[in-house]
Amino acid sequence: MILPPIITVSQLYKRYPSSATDALKGIDLEVGHGEIFGLLGPNAAGKTTFFSILCGLVKPTSGTVYIDGKSIENDMEAIKKKMGVVPQDIALYPTLSGRDNLLFFGRMYGLKPSELKPRVDALLDLFGFDENRNQAVNKYSGGMKRRINLLGGMLHEPNILLLDEPTVGVDVQSRRAMMEHLKDWNENKESTIIYTSHHMEQAQQFCHKVAIVDEGIIVAKGKPNELIKEHDCNSLEEVFIKLTGKKLRD
Amino acid sequence: MQRIVATLIKEVQLLLKDRTGFVILFVMPVLLVLIMTLIQNQAYKSLNEAGVPVLFINFDNDSLGTAIERGFEQNPICKLQVYHPDSTANFEERVAFAKKEVLQGTYLVALIVPPGASQMLREDVERMMDGFMNGDSLVVEEKPLEQIHIEIITDPVARKSFVMAITSGLRELVASVKTRVLFQIMTQKMSSLIGADTSLELPESDFFVFNESAAVSDSQPGLIPNATQHNVPAWAIFSIFFMVLPLASSMINERITGMHARMMTFPGSYLSIISGKIIAYIIIANIQFLLVISMGKFVLPLLGMPMLHLGDQWLALVALTFSVSLAAVSYGLMVGSIFNTQQQSAVFGGISILILSALGGIWVPLNIMPATMQQIANISPLNWALKGYYEIFIRGGGWLQIKWEVMKLVLFFAGNLLFAAYFQKLKRN
Ligand SMILES: Nc1ncnc2c1ncn2[C@@H]1O[C@H](COP(=O)(O)OP(=O)(O)OP(=O)(O)O)[C@@H](O)[C@H]1O
Ligand SMILES: [Mg+2]
């Protein structure tokens with residue numbers, strides 16, 4: 001049985017009130033059930049804006065978005081329950097411990113107290129936290145904060161996980177562990193992951209499908225291998241450079 | 001519901017980690033009420049139940065001296081110490097002695113009635129009568145009563161209103177004696193004119209009845225405003241409103257750390273997120289109130305200050321305190337919604353509460369302020385709260401007496417919430 005796409009985006013435009021140009025200029029996109037979908041693009045391409053619209057933080061100027069058959073305009077509340085969001089900028093309470101932050105997130109998502117604590121502790125074990133889980137987040141290293149930031153979005157086991165550059169500043173060991181875990185999770189929980197990154201090699205390995213965005217427009221989409229073949233390149237990074245140029249972005 | 005509990009737990013955890021916030025919320029109120037009550041206790045002593053120590057040296061030992069002595073003995077605001085120097089005593093010496101005693105603070109006021117004062121008064125009145133009967137009214141002004149020099153020595157720190165009460169009381173006593181003397185002389189003259197032997201006397205009780213005790217509830221006699229009765233509610237209110245600092249700061253922090261936006265991606269309305277915060281700070285406000293109240297009830301008396309009387313209108317007290325906490329929390333929410341940085345909110349929040357508290361009679365009780373100030377005070381929510389507590393603690397009032405204050409506070413709460421919601425919306429776009 002072929003499931004309909006879990007996310008359908010059509011003709012999505014966004015212009016911020018303070019801005020003279022559109023941050024998104026007509027995005028059309030479909031993401032299938034259980035896919036790991038990579039949204040790749042240079043700085044200021046509009047990736048975070050796109051995510052903000054999906055999770056209800058920002059209202060689109062025009063266009064439609066359906067998530068699991070529900071419109072973001074009318075059914076955001078139902079969508080939020082199935083969604084996990086990991087913001088690009090670390091968003092945690094700096095004076096609370098990593099564990100207390102996660103317990104707070106879990107409670108906010110309505111997890112039962114009896115299952116919350118074991119789950120949080122298991123995830124902290126898995127992500128390499130020892131006694132330091134009870135230390136204040138502002139005493140953590142950058143990578144440790146990143147890991148807590150990530151766990152905060154997936155603790156409640158959402159059907160759809162939005163990851164905005166989840167591995168920035170994380171060392172190779174931790175990054176591998178994180179990606180492995182996400183991959184396992186995607187397979188076992190049959191959840192969909194949409195993720196942005198500037199790390200092309202990682203995206204090439206990790207994603208079933210990618211879309212390359214530049215200045216608010218999708219310039220290419222498809223399976224990484226097919227895109228490489230199609231553009232006669234050796235890697236996704238080459239495709240990316242070929243399509244988006246060498247110019248620096250603001 | 002679970003989300004409200006979650007934010008509640010989180011707020012408590014945050015507060016326990018926030019030393020400055022903790023000090024502002026719980027240490028400052030205790031210190032404030034202690035210090036301010038100690039400072040004002042001395043000044044208030046001039047009006048409290050025990051009465052002000054007044055030294056009375058009666059050289060006269062005649063009707064005028066006795067009348068003054070009796071008058072002040074009946075006056076509840078005075079604690080009279082009377083001396084009757086014998087005829088050998090030196091008047092000037094005694095005046096110097098009285099001055100010394102007042103300067104040392106043993107007495108707040110000393111009154112010295114000179115020798116022969118009653119006799120002088122009688123002569124005065126007689127001359128006045130004679131002149132009057134002879135149709136020569138000018139004589140009246142020639143020898144005015146002020147010739148009898150009653151010395152009044154006051155402590156420079158004594159409140160003016162109190163000194164005025166003493167002098168006006170004195171004047172009235174002298175007037176009453178004068179009236180009696182006049183009456184006596186008149187009856188004497190009459191009887192000598194008529195040739196009948198009448199010994200009419202005015203009744204011993206005065207024409208003038210002094211009733212200077214403060215207008216307090218009958219159910220709690222002896223309850224008079226004092227340093228504790230003013231300062232405990234005043235600083236409880238001030239401290240509760242000062243939560244604008246930690247509360248606004250916690251809101252701004254959530255925006256800066258991205259937690260605000262992150263919480264907006266959680267299911268459930270913003271109202272459920274913010275109501276956890278509101279409940280947390282309402283609980284904090286009530287803890288602050290209990291803390292300051294227990295200072296007045298248990299700690300201040302240990303330090304020799306008057307004990308706080310809470311009255312017996314518990315329901316009114318709970319309603320008032322709840323509305324005060326609503327008002328304070330909403331003010332914090334509003335300030336936290338308007339400003340973008342901690343510094344802005346701290347400066348605006350702190351200064352605005354200082355101004356509202358000064359206007360509202362928190363620092364200096366309104367009853368000793370000019371009438372215009374008392375009018376201006378009406379704009380301060382801290383004043384509404386203070387009036388409510390005065391009503392319950394001092395006058396024994398209940399819900400009916402405080403309902404308007406409670407309603408104003410609740411309206412203030414609603415208004416602030418609307419403002420806060422408006423600014424939140426403005427920020428989101
Ligand atoms: N709140 C905002 N107000 C006005 N303009 C904004 C706002 N947020 C983003 N923009 C603009 O929208 C465009 C897209 O920004 P966005 O953050 O979506 O890019 P991005 O692809 O996530 O970039 P990066 O890789 O650097 O994270 C940029 O030009 C940016 O300046
Ligand atoms: Mg971004």
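These numbers come from the heavy atoms of this one structure, side chains and all, not from hydrogens, waters or symmetry mates. Predicted, not measured: the structure shown is a model, and the values here were computed from it. Here is how names work: the chains are called A, B, and so on, in the same order as the sequence lines, proteins then strands, and each is numbered from 1.
- The side-chain contact (heavy atoms from CB on, under 4.5 Å) test with B/Pro267 singles out one residue from A/Lys81, A/Met108, A/Lys82, A/Met76, and that residue is A/Lys81.
- The local environment of CD in A/Glu157 is crowded, with over 12 non-hydrogen atoms from other residues, nucleotides or ligands closer than 6.0 Å.
- Of all heavy-atom pairs spanning A/Thr95 and B/Lys17, the tightest one is O-CD, 3.4 Å.
- Neither the backbone nor the side chain of A/Leu54 comes within contact range of chain B, judged by heavy atoms closer than 4.5 Å.
- By the 4.5 Å heavy-atom criterion applied to side chains, A/Leu103 and B/Lys10 are not counted as neighbours.
- Of the two parts of B/Arg3, the backbone and the side chain both hold a non-hydrogen atom closer than 4.5 Å to a non-hydrogen atom of chain A.
- Shown here is A/Tyr66, whose OH atom has no more than 12 heavy atoms of other residues, nucleotides or ligands within 6.0 Å.
- Between the side chain of B/Gln2 and the backbone N or O of A/Leu111 there is at least one donor-acceptor pair closer than 3.5 Å.
- Comparing B/Val5, B/Ile273, B/Thr7, B/Asp18 by heavy-atom pairs within less than 4.5 Å of chain A, the highest count is held by B/Thr7.
- For the atom pair A/Phe105 CZ and B/Met259 CE, the distance stands at 4.0 Å (nearest 0.5 Å).
- Counting heavy-atom neighbours within 6.0 Å of B/Leu302 CG, excluding the residue itself, gives a total above 12.
- Residues B/Thr265 and A/Met83 have side chains not in contact (no heavy-atom distance under 4.5 Å, counting atoms from C-beta outward).
- The local environment of OH in A/Tyr16 is crowded, with over 12 non-hydrogen atoms from other residues, nucleotides or ligands closer than 6.0 Å.
- Between A/His156 and B/Phe266, every side-chain heavy-atom pair lies at or beyond the 4.5 Å cut-off.
- Each of B/Gly276, B/Gly258, B/Ala6, B/Ala261 has some count of heavy-atom pairs under 4.5 Å with chain A, and the biggest count is that of B/Ala6.
- For CD of A/Glu190, the number of neighbouring non-hydrogen atoms (other residues, nucleotides, ligands) closer than 6.0 Å is 12 at most.
- Listed by sequence position, the residues of residues 334-346 of chain B in contact with chain A number zero, using a 4.5 angstrom heavy-atom cutoff.
- Within 6.0 Å of NZ on A/Lys183 lie more than 12 heavy atoms contributed by other residues, nucleotides or ligands.
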For residues 348-355 of chain B, dump all side-chain donor-acceptor pairs below 3.5 Å to protein atoms at least two apart in sequence or in another chain.
residue	atom	partner	partner atom	Å
B/Ser352	OG	B/Tyr331	OH	2.5
B/Ser352	OG	B/Phe348	O	2.9
B/Ser352	OG	B/Gly349	O	3.0

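- A/Asn149 touches chain B through backbone and side chain together, each having a heavy atom under 4.5 Å away.
- Of all heavy-atom pairs spanning A/Ala91 and B/Arg262, the tightest one is O-NH1, 2.9 Å.
- Heavy-atom neighbours of B/Tyr270 OH from other residues, nucleotides or ligands within 6.0 Å: above the threshold of 12.
- Note that the CG atom of A/Leu96 and the CD atom of B/Gln13 stand 5.5 Å from one another [nearest 0.5 Å].
- Nearest approach of B/Met264 to A/Lys80, heavy atoms of both residues: O-NZ, 2.8 Å.
- Between B/Thr257 and A/Leu92, the closest side-chain pair of non-hydrogen atoms is not below 4.5 Å.
- For B/Met263, the part sitting under 4.5 Å from any heavy atom of chain A is the side chain, from C-beta outward, and nothing else.
- For the options B/Ile9, B/Asn253, B/Leu16, heavy-atom pairs under 4.5 Å to chain A are most numerous at B/Ile9.
- Applying the 6.0 Å contact sphere to CZ of B/Phe26 captures more than 12 heavy atoms from other residues, nucleotides or ligands.
- Neither the backbone nor the side chain of B/Ser272 comes within contact range of chain A, judged by heavy atoms closer than 4.5 Å.
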